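Structure, as structure tokens:
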Amino acid sequence: MNKIKTLEEAMSHIEDGMSIMIGGFMACGTPEKFMDALVEKGVKDLTIIANDGGFPDRGLGKLIVNKQVKRLVASHVGLNPEVGNQMNTGELDCELVPQGTLAEQIRAGGNGLGGILTPTGVGTVVEDGKEKIELDGKMYLLEKAIKADIALIGGSIVDKKGNVYYNKSTKNFNPLMATAADLVIVGAEKIVEVGEINANDVMTPALFVDYIVEV
Amino acid sequence: MNKIKTLEEAMSHIEDGMSIMIGGFMACGTPEKFMDALVEKGVKDLTIIANDGGFPDRGLGKLIVNKQVKRLVASHVGLNPEVGNQMNTGELDCELVPQGTLAEQIRAGGNGLGGILTPTGVGTVVEDGKEKIELDGKMYLLEKAIKADIALIGGSIVDKKGNVYYNKSTKNFNPLMATAADLVIVGAEKIVEVGEINANDVMTPALFVDYIVEV
Amino acid sequence: MNVKEIIAKRVAKELHDGDVVNLGIGLPTMVANYIPADMDVTFQSENGFVGLGPAPEADNVDMDLVNAGGQPVTAIPGAAFFDSAVSFSIIRGGHVDVTVLGALQVDEKGNLANWMIPGKMVPGMGGAMDLVVGAKKVIISMTHTAKGKAKILKECNLPLTAAGQINMIITEMAVMEQTDKGLVLTEINPEYTVEEVQAATEATLIISDDLKKMDIA
Amino acid sequence: MNVKEIIAKRVAKELHDGDVVNLGIGLPTMVANYIPADMDVTFQSENGFVGLGPAPEADNVDMDLVNAGGQPVTAIPGAAFFDSAVSFSIIRGGHVDVTVLGALQVDEKGNLANWMIPGKMVPGMGGAMDLVVGAKKVIISMTHTAKGKAKILKECNLPLTAAGQINMIITEMAVMEQTDKGLVLTEINPEYTVEEVQAATEATLIISDDLKKMDIA
């Protein structure tokens, strides 16, 4: 099982209309080469699930500027004005989700939970259309698990088996998304031999990773 | 803020009737000196939340043999026959919980979720008395968050600020329990200076830890 | 081969290159002995790691590294340790390809009972309920009967571990697959007749048109 | 001091030795400048770490280390990095002692609106909804009015970030604490009268019996 692929091989699995989780936080930890490859490939009508809308020229923001995204699920889109513009024109359907809720929904999707009960968003528009459950006198929203067709994550050091190590604040949504998609592709800044990452320090076990691309 | 305490100082916070989470899996990762100290101290009527019932002479099993436990919440008690004995005599109230559910309940307790929806236990006695929720055609049990007064966890390397690093399979329930109790006491196999654990590799951030005891 | 070896060897044939596998305590553990050397199968241990290796030499025991039974083990290169929440993310989330467990009882509806005998033995379910619900394929490996009494029933009467989650049952007498129509006998130990297998089974077996012989050598 | 400095310095007085603090983007960030050197306050950054340090020198920027605004920062010794689920375990789980955020509107019921102006500006809530629900103490730090219009209202008319979660409001004119009875004016900038503060505030202020002067030097 050789998981190491060329950028082209890996991106060939991404098709129009797919749902894609993209790791990173304001482009930190986002596999930038994957963004460029998707822009070049021109796949469209994508549903993107990510922390934020990136910047117009950095991170997944490029896909939005290039009008490849039909739907965006994110917690913050303030640093990419193009998101607001396309929301206003109706070109982009954008669902805003509290960041901690989004993290839990993706985690739940990856670990077989149907959803979680969170107090976040109670008494706000976030609760619209959702089941509210009172437990021991406190009100919670039932937030459902999220999964995707593809997860594109960025890893700082990846061994040839697919074990991933994230440096500093590049971790963010990457380990969560690695569990929650049918096909997980890691953009590796550095590929090392199996055993070079201390087993204690592996942050995403190899079993979650399908393909590795050196970026 | 000096978090480093003597064994006696740390154990002085544990009183009759308290609920205590004890880290470890079949005694691996359990702070054994804390168990011995509690046996010596003789606190009783404890509610213990842990993966298992330990062994009669190792791990939290000692507390059960010494009849200090009123209630045990655990996933497996087969390796400590004294649990079964005390269940039969009515001395011990033992609630058996699927291991993955217990892990999620403790995690939920530590992170402000009211609970989680799991498919585990549907169609079994585990569902008795619990709310069942159907989502997208699949049935889930609503399992509520668990918290405790005290968490006793074992850390392999702990810095003076309280950042914890767990070696190999000692991790198990320890990082989860560290988030879910009012007072968290770490038994440290080795105490190092702040900064000696790489910030990437910290497994329990210091903010979760109240006291550190060298064991 | 003895009974356990026949079962373990047959279970091993269900594993494929690249699989992530969780083996229950006892008989299922023996399956690891029958994996071809060139096949890349990763063993998951629900106490918190993937990359479970064989038991250590007596002079090389590390008590920080145990399996889900609390026994010292080893880890192979490329192993990864994690906490119990991540461990069950792997299990419940469908990232385990095959789980192999023992059973007290199974039935023709795919139900499994393996965690308690009321009033007698209550070891607890440990990770079994999550494994059975979460793994892509659930294989029950066990002796066909217990002290002459059937364990493959029309309906379990012990408390269930999970309802309708079993995919395959492998015993020393036979291999049975759970289908919408019921339990299909797909392979038989050539030392037994179909009638003998059915006689040792309370559940009604559907005999496969393509009934094969189990390898018992 | 200018308006922002007055506010940031006053907010800093609410922090205690050992506190874990999350500072919102913008004005709240300035609070870090007023922490006494001998006080151990740990800053949490919701993108995934505790132990946030000051901005790096221009020649020492590490793009793997950014704050929740995507700007390069540094980490102090003893820092710890984690993923977004753990980050919000810290936040939602009540392990953040104080969160300091800006606001578009607040009201006398402790409600906060700071994440959107319908039809105009929809940046999203980011981590704010979780922070406000989860932190032990929620401090709103903001200018008292916006272009002469009151921001401290009887009732917010923008979409809420959270209902009833605010504990304290600190502006350049005053310090107000949320109580069961309503918004209590506890400190006032000596350059203003109580009447002037009330005039700039739509909510009805309850004047503390022990009204103190804000330090504006």
Side-chain angles (χ1 to χ4, degrees), chain B residues 23-29 51-55 58-59 74-81 83-84 87-88 94-104 106-108 110 118-127 139 154 156 166-178 189 203-204, chain C residues 25 45-49 52 62-75 79-94 109-113 115-116 118-134 156 158-165:
Chain B
F25 193 112
M26 303 295 178
C28 176
N51 174 65
D52 55 78
F55 301 95
R58 202 148 54 88
S75 75
H76 195 276
V77 296
L79 298 184
N80 186 354
V83 174
M87 283 169 75
N88 288 338
C94 177
E95 183 186 349
L96 290 164
V97 182
Q99 204 166 104
T101 299
L102 186 62
E104 285 298 316
I106 294 168
R107 182 181 179 277
T118 178
T120 304
V122 169
T124 77
V125 296
V126 168
E127 73 175 45
M139 197 61 78
S156 304
Y166 306 97
N167 188 39
K168 300 180 181 170
S169 65
T170 64
K171 200 182 272 184
N172 55 67
F173 278 77
N174 282 307
L176 308 172
M177 291 175 171
E189 292 195 358
M203 296 171 182
T204 290
Chain C
I25 295 171
S45 193
E46 68 261 33
N47 58 313
F49 64 112
L52 182 71
D62 178 354
M63 289 310 289
D64 278 358
L65 179 46
V66 303
N67 65 15
Q71 299 306 310
V73 287
T74 55
F81 295 99
F82 32 75
D83 68 40
S84 294
V86 173
S87 187
F88 283 87
S89 290
I90 292 170
I91 290 169
R92 201 192 308 98
K109 297 182 187 83
N111 295 329
L112 166 67
W115 71 283
M116 75 175 291
K120 222 172 147 185
M121 186 190 80
V122 192
M125 65 292 278
M129 286 193 180
D130 297 283
L131 278 161
V132 173
V133 166
C156 294
L158 290 174
L160 295 186
T161 304
Q165 297 288 348

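Just so it is clear, the structure is predicted and the values come from calculations on it, not from any experiment. Residue numbering restarts at 1 for every chain, and letters A, B, ... go by the order of the sequence lines.
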Measure distances from B:V126 to the heavy atoms of chain C and classify the residue's part below 4.5 Å as side chain, backbone, both or neither.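 Only the side chain of B:V126 comes within 4.5 Å of chain C.
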Using heavy-atom distances under 4.5 Å, tell me whether B:P98 contacts chain C through its side chain, its backbone, both, or neither. both
Is it the case that the side chain of C:R92 and the backbone of B:T120 share a donor-acceptor pair, with hydrogens and angles ignored and the cut-off at 3.5 Å?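 Pair absent, no side-chain N/O of C:R92 close to backbone of B:T120.
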For C:D130 and B:G100, indicate whether the former's side chain and the latter's backbone hold a donor-acceptor pair under 3.5 Å. yes
With rounding to the nearest 0.5 Å, note down the distance linking [atom1] in [X] to [atom2] in [Y].
{"X": "B:S169", "Y": "C:D62", "atom1": "OG", "atom2": "CG", "value": "8.0 Å"}
{"X": "B:M26", "Y": "C:N47", "atom1": "CE", "atom2": "CG", "value": "9.0 Å"}
{"X": "B:T124", "Y": "C:M125", "atom1": "OG1", "atom2": "CE", "value": "6.5 Å"}
{"X": "B:Q99", "Y": "C:I91", "atom1": "CD", "atom2": "CD1", "value": "7.5 Å"}
{"X": "C:D64", "Y": "B:K171", "atom1": "CG", "atom2": "NZ", "value": "12.5 Å"}
{"X": "C:E46", "Y": "B:H76", "atom1": "CD", "atom2": "NE2", "value": "9.5 Å"}

Go through it in stages, so that I can follow the logic: the residues are C:W115 and B:V125, the test is side-chain contact (heavy atoms from CB on, under 4.5 Å), and I'd like the CA-CA distance, side-chain angles, deciding distance and then a yes or no. CA-CA 11 Å; C:W115 71 283; B:V125 296; 3.4 Å; yes
Part of [X] within contact of chain B (heavy atom distance under 4.5 Å):
{"X": "C:S45", "answer": "neither"}
{"X": "C:F81", "answer": "both"}
{"X": "C:N111", "answer": "neither"}

Using side-chain contact (heavy atoms from CB on, under 4.5 Å), reason through C:S84 and B:N51 one step at a time and then give a plain yes or no. CA-CA 9 Å; C:S84 294; B:N51 174 65; 5.8 Å; no
Can you list everything that forms a salt bridge (charged side-chain N to carboxylate O under 4.0 Å, His left out) with B:D52? Sequence neighbours excluded, please.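 In terms of salt bridge (charged side-chain N to carboxylate O under 4.0 Å, His left out), with neighbours along the sequence ignored, B:D52 is linked to no residue.
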B:E189: salt bridge (charged side-chain N to carboxylate O under 4.0 Å, His left out) partners, not counting sequence neighbours: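 Residues passing salt bridge (charged side-chain N to carboxylate O under 4.0 Å, His left out) with B:E189: none at all.
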Which one wins on heavy-atom pair count under 4.5 Å against chain C: B:N80, B:N174, B:V77, B:L102?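 The answer is B:V77.
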Could you have a look at B:N88, B:V83, B:I106, B:V97 and say which one has the most heavy-atom pairs with chain C under 4.5 angstrom?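 Top option by heavy-atom pairs under 4.5 Å: B:V97.
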Top contributor to chain B contacts, counting heavy-atom pairs under 4.5 Å, from C:G48, C:G127, C:G69, C:G124: C:G124
Count the heavy-atom pairs under 4.5 Å between each of C:A85, C:A162, C:A128 and chain B, then report the option with the highest count.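 Most pairs with chain B among the choices: C:A85.
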